[in-house]
J.: 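One structure, as structure tokens, below. Some questions next.
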There are 2 protein chains.
Amino acid sequence: MARAATTSDVFNAIAEPQRRQILVLLRAGERPVTEVAQELGMTQPGASKHLRVLREVGLVRVRGAGKQRLYGLDARGLRPVHEWTGGFEQFWNESFDRLDAYVQELKQAQQEE
Amino acid sequence: MARAATTSDVFNAIAEPQRRQILVLLRAGERPVTEVAQELGMTQPGASKHLRVLREVGLVRVRGAGKQRLYGLDARGLRPVHEWTGGFEQFWNESFDRLDAYVQELKQAQQEE
DNA sequence: TTGTCATATTCCGATATCGGCATATGATTG
DNA sequence: CAATCATATGCCGATATCGGAATATGACAA
């Protein structure tokens, strides 16, 4: 088998740095593809493709505005990611100290050998 | 160019469902590879590979315990992800209502045509 | 040292990714 | 309708991924 599809999966969609940049940019408001490409220093087709992925996972919405198509943020899909990582909150404080303790114990044990 | 490396990037590391499962499992405590594989229904080499990636991005630590190697969680690397998504918190509430409003306006506009 | 259990690595095939370039499709205006 | 601007798609090459199977490496015990 091969790799998981980036489409239809928010975790994969935001694994791409450029796509994260796009999302951040869109926090400032809707923008047409060209402007996204320009502001982030990517090609128009490049931006278009990334926006397609973001649209497919539902992180972005489009609406036609005359000749243009305005892309806007729909951040609701990021919530599950936030919550998933939040499930580890207690572990990046308290619990890790224990692990650190283990490591120190090990170092000592090695020195005593 | 090709795809970004999953190694040395937490966002990519957690884009893999099985790796997320491993992290969740390890919240319950340290475990040897074999046990991880068994509890999650994957092969030993499979688990080993995923754990390698997680180790390389620093989400997991190993310590030798006799014949075994115990893998333990180091969730600190998840914090940036939590914070990054947290930067969109206001957008998955308030701000999206505006976008919804737009959509409704558009639907109306279309009906009036 | 040899055997045995635990884990890591290697090689492979199928596939999906991302970027670049050219081009097709779309919408609008004259 | 033709011209134009805006955007999307298609095709390509290079590469990395994931899973599977076999095998190598490691650690310990007898």
Side-chain angles (χ1 to χ4, degrees), chain A residues 1-23 25-26 30-57 60-72 106 109-110 113, chain B residues 1-23 25-26 30-57 60-72 106 109-110 113:
Chain A
M1 232 182 257
R3 118 169 308 214
T6 108
T7 209
S8 76
D9 178 11
V10 175
F11 279 91
N12 267 293
I14 65 170
E16 235 291 327
Q18 309 216 56
R19 285 197 286 261
R20 286 201 297 276
Q21 284 185 43
I22 292 180
L23 293 176
L25 177 63
L26 291 183
E30 294 178 312
R31 266 166 186 70
V33 181
T34 317
E35 216 170 304
V36 171
Q38 191 193 329
E39 298 198 43
L40 297 181
M42 29 184 157
T43 67
Q44 178 269 312
S48 213
K49 285 172 189 169
H50 282 310
L51 282 166
R52 187 184 211 283
V53 174
L54 292 172
R55 211 189 330 153
E56 283 175 347
V57 301
V60 142
R61 295 236 169 155
V62 212
R63 68 182 182 100
K67 205 183 281 186
Q68 297 185 322
R69 308 192 72 204
L70 292 182
Y71 280 88
L106 284 183
Q110 284 187 336
E113 269 170 19
Chain B
M1 233 182 257
R3 115 166 314 209
T6 108
T7 209
S8 77
D9 178 12
V10 176
F11 279 92
N12 267 293
I14 66 170
E16 236 290 327
Q18 310 214 57
R19 284 196 288 260
R20 287 201 296 276
Q21 284 185 44
I22 292 180
L23 293 175
L25 177 63
L26 291 183
E30 294 178 313
R31 268 166 185 69
V33 180
T34 316
E35 216 170 304
V36 171
Q38 190 192 329
E39 298 197 44
L40 296 181
M42 29 183 159
T43 67
Q44 178 269 312
S48 212
K49 285 173 190 169
H50 283 309
L51 282 167
R52 186 183 212 283
V53 174
L54 291 173
R55 212 189 328 152
E56 284 175 347
V57 302
V60 142
R61 294 236 170 158
V62 213
R63 67 182 182 100
K67 206 183 279 186
Q68 297 186 323
R69 307 192 74 204
L70 292 182
Y71 280 88
L106 284 184
Q110 284 186 337
E113 268 170 21

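Every chain is numbered from 1, with letters handed out A, B, ... down the list of sequences.
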J.: Rounded to the nearest 0.5 Å, what separates atom CD in E35(B) from atom CG in L40(B)?
T.: 10.5 Å

J.: Could you tell me how far apart H50(B) (NE2) and dA8(C) (C1') are, to the nearest whole angstrom?
T.: 15 Å

J.: Nearest to the E16(A) side chain among dA6(D), dC18(C), dA8(D), which nucleotide is it?
T.: dC18(C)

J.: In this structure, how many angstroms lie between the P atom of dC18(D) and the CG atom of D9(A), rounded?
T.: 12 Å

J.: Are V53(A) and E16(A) packed together at the side-chain level, in the sense that at least one heavy-atom pair is separated by less than 4.5 angstrom?
T.: no

J.: Would you indicate, yes or no, if dA6(D) has its OP1 or OP2 atom less than 4.0 angstrom from a side-chain nitrogen or oxygen of Y71(A)?
T.: no

J.: Donor-acceptor pair, distance only, cut-off 3.5 Å: does the side chain of R55(B) make one with the backbone of V60(B)?
T.: no

J.: Figure out the CZ/C1' separation between R55(A) and dA8(D), and round it to whole Å.
T.: 8 Å

J.: Look at the side-chain N and O atoms of R19(B) and state whether any lies under 4.0 Å from the OP1 or OP2 oxygen of dC18(D).
T.: yes

J.: Specify the separation, in whole Å, of atom CG of N12(A) and atom P of dA16(D).
T.: 17 Å

J.: Whether R52(A) contacts dA8(D) is assessed here as follows: a side-chain N or O lying under 4.0 Å from the phosphate OP1 or OP2. Is that the case?
T.: no

J.: Want to settle it: does G46(A) or Q68(A) sit nearer the 5' end of DNA chain C, counting the closest nucleotide to each?
T.: G46(A)

J.: Just how far is it from atom CZ of R63(B) to atom CD of E30(B), taken to the nearest 0.5 Å?
T.: 4.0 Å

J.: Please list, pair by pair, any protein nitrogen or oxygen found under 3.5 Å from a nitrogen or oxygen in nucleotides 21-28 of chain D.
T.:
from: dA27(D); atom 1: O3'; to: G66(B); atom 2: O; distance (Å): 3.4
from: dC28(D); atom 1: OP1; to: G66(B); atom 2: O; distance (Å): 3.3

J.: dC18(C) P sits how many Å from Q21(A) CD, rounded?
T.: 14 Å

J.: Give a yes or no answer on whether the side chain of Q68(A) reaches the backbone of L70(A) with a donor-acceptor pair at less than 3.5 Å.
T.: no

J.: Measure the distance from CZ on R20(A) to P on dC18(C) and round it to the nearest whole Å.
T.: 12 Å

J.: Which side chain to side chain donor-acceptor pair (under 3.5 Å) pairs, counting each pair once, include a residue from residues 41-51 of chain B, with sequence neighbours left out?
T.: R19(B)-H50(B)

J.: Rounding to an integer number of Å, can you tell me how far E56(B) CD sits from dA8(C) P?
T.: 12 Å

J.: To the nearest Å, how far apart are I22(B) CD1 and dC18(D) C1'?
T.: 13 Å

J.: Kindly indicate whether the side chain of V33(A), heavy atoms from C-beta on, has any atom under 4.5 Å from the side chain of R69(A).
T.: no

